[in-house]
Protein chains: 2
Amino acid sequence: MFIKNLPHKTVERLSQYRRALLMILSKEKTHVFSHEIAQMLHITPVQVRRDLMLIGYSGNLRKGYDIKELIELIGKIIDSDRGQRVAVVGLGNLGKAIISYFKGKRSKLAIIAAFDINPEKINRVYDGVACYHISQMTEIIKQNNISIGIISVPSEQAPEIAETMVLAGIKGLLNFTPKPLNVPPFVYLEEYDMITSLEKVAFFAKKNDERFK
Amino acid sequence: MFIKNLPHKTVERLSQYRRALLMILSKEKTHVFSHEIAQMLHITPVQVRRDLMLIGYSGNLRKGYDIKELIELIGKIIDSDRGQRVAVVGLGNLGKAIISYFKGKRSKLAIIAAFDINPEKINRVYDGVACYHISQMTEIIKQNNISIGIISVPSEQAPEIAETMVLAGIKGLLNFTPKPLNVPPFVYLEEYDMITSLEKVAFFAKKNDERFK
DNA sequence: GTGGGTTTGTCATTTTTGACACAAACCCTT
DNA sequence: AAGGGTTTGTGTCAAAAATGACAAACCCAC
């Protein structure tokens, strides 16, 4: 299903809505109000309703939104029909953390390979994901039609890894290193920077502290 | 140093500028142009200049910006004068990854304690950070004046940890679990969600792919 | 049924963020 | 010393995102 020009931020929130909904689905509830979703994500109910409007979902006026239906609709919009395959490069602490985060999550995104250069890790399986040597990367990406790459290697190696993956045909990259990367325009790149997040928290924590003092 | 109402996004970028500048500082260069910074972060030169204007820094018209000066100025603005202390709760793969990310980074942010419940980890030191049992958390946070908390425990435990930390006097929280948290308004909370990032990459990678096909 | 209390859907507005355009400053070359 | 090529600094505009406001739909209680 396609909706033209879905705003960037809305895509992010849809993903968050879905995970929040999956969490409350286990309970006996079948419906949820916009203000309940809003409260979980610290946003306003209007924002939730507007996002849902954009994807064309209508709630029940008195009962709210059908949780199951909504989860499925969000899936139809943000997931790819045939699923997308993901590879993690760099099986240090971070790489392992990412893999275990995904474990058990039913999703159209499947991590199906990991790469490293440490001989002790090669040919072993971590949380259901097989680890190969980086030299096999191009081959395995092509064979398995992997379209998404996660980079969690030491930062010096990031540019080289990125280039190899792009040449192998990857379509999207998530970069966990602080090293800025350059990729062609047909590859979507997201820089995910823990340090910046932490510094931001520190800045606003400090500011908040002064304000409430 | 205080600048009133520095935009949210500018704060994020300042942190990124600083890290990009630190990377090129090692080389022989002493000055940098706005378009060079822009290229590294995939933004426009105007944006860089605008941000620097907001913090009142003037570059040299012909040589660009003095790297060293700029790094220091950014520090004066986003860092706290006396530094801020950070604790990591949950010393699994993710917790360890965070700590090693920080190792060697000179910064006003210092991770000075970790907490876990696994007896094997208690009273050991990881990358220079001592690990304590969670039951000691309140005590140690207060004693050491820790103001920032990073939550990297399994998601079910996140709300309880957050509450304890808030009561212990924490001022900012960075939450790596998908569990939405609730904190009082005087605590700054940032949710850092790996899954959402990955789903976003997947969505736009898919979209890009269709566009360029 | 009829009125009151909720909640949705959406238009209109504000706020935030980013981009354009261009003058002024500057150095280098000649 | 004069002209050309860069780069900065900033007023202005455009786009994106968030918010406010409110009518319409609906259920429940009575």
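So that the names make sense, note that chain A is the first sequence line, chain B the second, and so on, each numbered from 1. Owing to the predicted nature of the structure, the values given are computational and were not obtained by experimental measurement. Hydrogens, waters and symmetry mates play no part in the numbers below; they use all other heavy atoms, side chains included.
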Which residues share a side chain to side chain contact (heavy atoms under 4.5 Å, CB included) with A:P184, sequence neighbours left out: A:V166, A:F186, A:V187
The contact string for nucleotides 18-30 of chain C, one letter per nucleotide 5' to 3', using protein heavy atoms under 4.0 Å with B, S and - for base, sugar-phosphate only and none, comes out as SBBB---BSS---
For B:H42 and A:L189, work out which heavy atoms get closest and say how close. CE1-CD2, 3.7 Å
What is the separation between atom OH on B:Y57 and atom P on D:dT8, rounded to the nearest whole Å? 11 Å
Separation of C:dT8 P from A:L70 CG (nearest whole Å): 12 Å
Pairs involving residues 56-68 of chain A, ordered by first then second residue, that meet side-chain hydrogen bond (donor to acceptor under 3.5 Å, both in side chains) (sequence neighbours left out): A:Y57-A:E69
Throw together a table of side-chain donor-acceptor distances under 3.5 angstrom for residues 169-178 of chain B, partners on residues two or more places apart or in other chains.
residue, atom, partner, partner atom, Å
B:K171, NZ, B:G169, O, 3.1
B:N175, OD1, B:T177, N, 2.9
B:N175, OD1, B:T177, OG1, 2.9
B:N175, ND2, B:T177, O, 3.3
B:N175, ND2, B:K179, O, 3.0
B:N175, ND2, B:E191, OE1, 2.6
B:T177, OG1, B:K179, N, 3.3

Heavy atoms only, 4.0 Å cut-off, all strands: where does B:P7 land among base, sugar-phosphate and nothing? sugar-phosphate
What is the separation between atom CG on B:L52 and atom P on D:dT10, rounded to the nearest whole Å? 11 Å
Atom OH of A:Y65 to atom P of C:dT6: distance rounded to whole Å? 18 Å
Which residues pass the side chain to side chain contact (heavy atoms under 4.5 Å, CB included) test with A:Q16, sequence neighbours left out? A:R13, A:L41, B:D193, B:T196
A:M53 CE to D:dT19 P, in whole Å, measures 16 Å
Sort and list the pairs that fulfil side-chain hydrogen bond (donor to acceptor under 3.5 Å, both in side chains) and have at least one residue in residues 143-161 of chain A, not counting sequence neighbours. none
Starting at atom CG of A:L41, determine the distance to atom P of D:dA18, rounded to an integer number of angstrom. 12 Å
Hey, does the side chain of B:S34 come within less than 4.0 Å of D:dT8's phosphate (OP1/OP2), counting only N and O? yes
Please report, rounded to the nearest Å, how far the C1' atom of C:dG9 is from the CZ atom of A:F33. 15 Å
What is the distance, to the nearest angstrom, from the NE2 atom on A:H35 to the C1' atom on D:dT19? 18 Å
